Asker: 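Below are the structure tokens for one structure; questions will follow.
Fair warning: this is a prediction, and the values are worked out from it, not measured in the lab. Index from 1, following the sequence. First listed ligand is number 1; within each ligand, the first listed atom is number 1.
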Amino acid sequence: MITLNVNIDHVATIRQARGVSEPDPAAAAILAELAGATGIVCHLREDRRHINDRDLILLREVTQTKLDLEMAAVDEIIDIAIATKPDLVTIVPEKREELTTEGGLDVKNNFNRMKALCSKMHDNGIEVSFFIEPSGEQIEYSINAGADMVELHTGTYANLADEFQKSAELYRILLAATSAAELSLKVAAGHGLNYFNTQAVCVSGSIDELSIGHAIISRSVFVGIDRAVRDMIELIRDAELLIER
Ligand code: PXP
């Protein structure tokens with residue numbers, strides 16, 4: 001069964017637009033879980049543009065399922081992760097000027113640092129996922145570095161307009177998911193997934209989890225978080241039923 005982890009960063013983005021105390025991402029996390037989310041994801045960025053240190057502490061308190069902290073591999077945030085103990089950290093490349101995470105992590109060229117990070121997190125009981133491009137080489141380096149999981153970057157697939165290029169990118173994701181699963185890695189996928197493009201990603205049969213934020217929080221402005229999360233879970237279930245036939 002493919003499970004859904006809901007990224008609640010953009011609840012904090014709305015709060016930060018006014019610099020006030022609402023809406024609270026911790027409340028969103030509780031509602032998302034009640035609607036069936038099996039994990040809560042937040043990204044503590046170095047510039048604290050949305051989620052802040054207080055949010056992370058509260059999210060750790062209220063999350064009953066699994067807390068996934070997206071983070072850059074920098075000392076300050078590593079220390080915060082170890083102090084807060086999310087269930088999982090997803091390591092992402094982070095640039096200050098970007099609107100959202102751009103591109104996957106280059107595990108190959110940062111291999112020693114990533115290996116050391118995995119062992120530090122494991123010593124503290126925290127699992128590690130690397131957010132990578134759907135590439136066999138990055139998967140291999142992720143395993144060798146000690147990752148428990150990889151999250152395959154679906155942003156390119158989501159943004160391509162040309163149908164042929166989109167199909168080719170989807171095929172790359174499905175191949176990568178299958179090979180990561182064969183190598184006993186847990187496999188997640190995320191970035192840019194929405195109510196129209198998620199089902200196609202579900203059909204490889206090798207993806208364990210999806211990490212979705214913007215589309216769900218956007219829909220929840222109109223229909224509420226409960227309905228927005230349930231709608232996405234229903235789509236995922238329908239896709240799974242299709243491949244079970
Ligand atoms: N996965 C990772 C690693 C991300 O950085 C993000 C964006 O925060 C997401 C998933 C969710 O992307 P989106 O908000 O486009 O659903």
Asker: Could you verify whether a donor N or O on one side chain and an acceptor N or O on the other, from Thr90 and Asp68, lie under 3.5 Å apart?
Answerer: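 The answer is yes; a qualifying pair exists.
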Asker: Taking the minimum heavy-atom distance to atom 13 (P) of ligand 1, which of His43, His50, His214 ranks first?
Answerer: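 The option holding the nearest heavy atom is His214.
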Asker: Tell me whether Glu151 has any N or O atom under 3.5 angstrom from an N or O of ligand 1.
Answerer: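 Looking only at distances, the answer is yes, because the N/O contact criterion of under 3.5 Å is met.
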Asker: Hey, is CG on Asp75 packed in by over 12 heavy atoms from elsewhere, all under 6.0 Å?
Answerer: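 No, the 6.0 Å shell around CG holds no more than 12 heavy atoms from other groups.
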Asker: Can you list the atoms of ligand 1 that are under 4.0 Å from a heavy atom of Val92?
Answerer: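 Answer for ligand 1: 3 (C).
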Asker: I need the contact type for His153 against ligand 1. Using non-hydrogen atoms and a strict under-4.0 Å cut-off, is it side chain, backbone, both or neither?
Answerer: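 Neither; no heavy atom under 4.0 Å.
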Asker: So, regarding His10 and ligand 1 (criterion: nitrogen or oxygen to nitrogen or oxygen, under 3.5 Å), is there a contact or not?
Answerer: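 The answer is no, given that His10 and ligand 1 share no N or O pair closer than 3.5 Å.
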Asker: What I want to check is whether the side chains of His122 and Asp148 have a donor and an acceptor closer together than 3.5 Å.
Answerer: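 There is such a pair (donor and acceptor under 3.5 Å, judged by atom type) between the side chains of His122 and Asp148.
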Asker: Can you tell me if Lys166 has over 12 outside heavy atoms packed within less than 6.0 Å of its NZ?
Answerer: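 Above 12, so yes.
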Asker: Are a donor atom and an acceptor atom from the side chains of Gln138 and Asp106 found within less than 3.5 Å of each other?
Answerer: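 Distance-only check passes for Gln138 and Asp106.
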Asker: Does the N or O separation between Ala215 and ligand 1 drop below 3.5 Å for any pair?
Answerer: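 N/O-N/O distance under 3.5 Å: no.
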Asker: Out of Arg45, Met71, Glu70, who gets a non-hydrogen atom closest to atom 2 (C) of ligand 1?
Answerer: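 Nearest option to atom 2 (C) of ligand 1, by heavy atoms: Glu70.
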Asker: What's the verdict on salt bridge (Lys or Arg N to Asp or Glu O under 4.0 Å) for Asp55 and Arg48, showing C-alpha distance, side-chain angles and the deciding distance?
Answerer: CA-CA 10 Å; Asp55 294 330; Arg48 308 298 197 274; over 6 Å; no
Asker: Are a donor atom and an acceptor atom from the side chains of Thr65 and Glu33 found within less than 3.5 Å of each other?
Answerer: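 The answer is yes; a qualifying pair exists.
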Asker: For Gly213 and ligand 1, does the shortest N/O to N/O distance drop below 3.5 Å?
Answerer: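 Yes, since at least one N or O of Gly213 sits under 3.5 Å from an N or O of ligand 1.
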Asker: Starting from atom 12 (O) of ligand 1, what is the nearest protein heavy atom, named by residue and atom, and what distance separates them?
Answerer: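 Residue, atom and distance for the closest contact: His191 CA, 3.5 Å.
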Asker: May I ask you to decide if Val187's main-chain N or O and Asp208's side chain share a donor-acceptor pair within less than 3.5 Å?
Answerer: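 Present.
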Asker: With a cut-off of 4.0 Å, which atoms of ligand 1 are near a heavy atom of Asn7?
Answerer: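 Reading through ligand 1 atom by atom, the close ones are 8 (O).
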Asker: Checking a contact table here: which protein heavy atom is nearest atom 15 (O) of ligand 1, and how many Å away?
Answerer: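 Looking only at protein heavy atoms, the one closest to atom 15 (O) of ligand 1 is Gly192 N, 2.8 Å.
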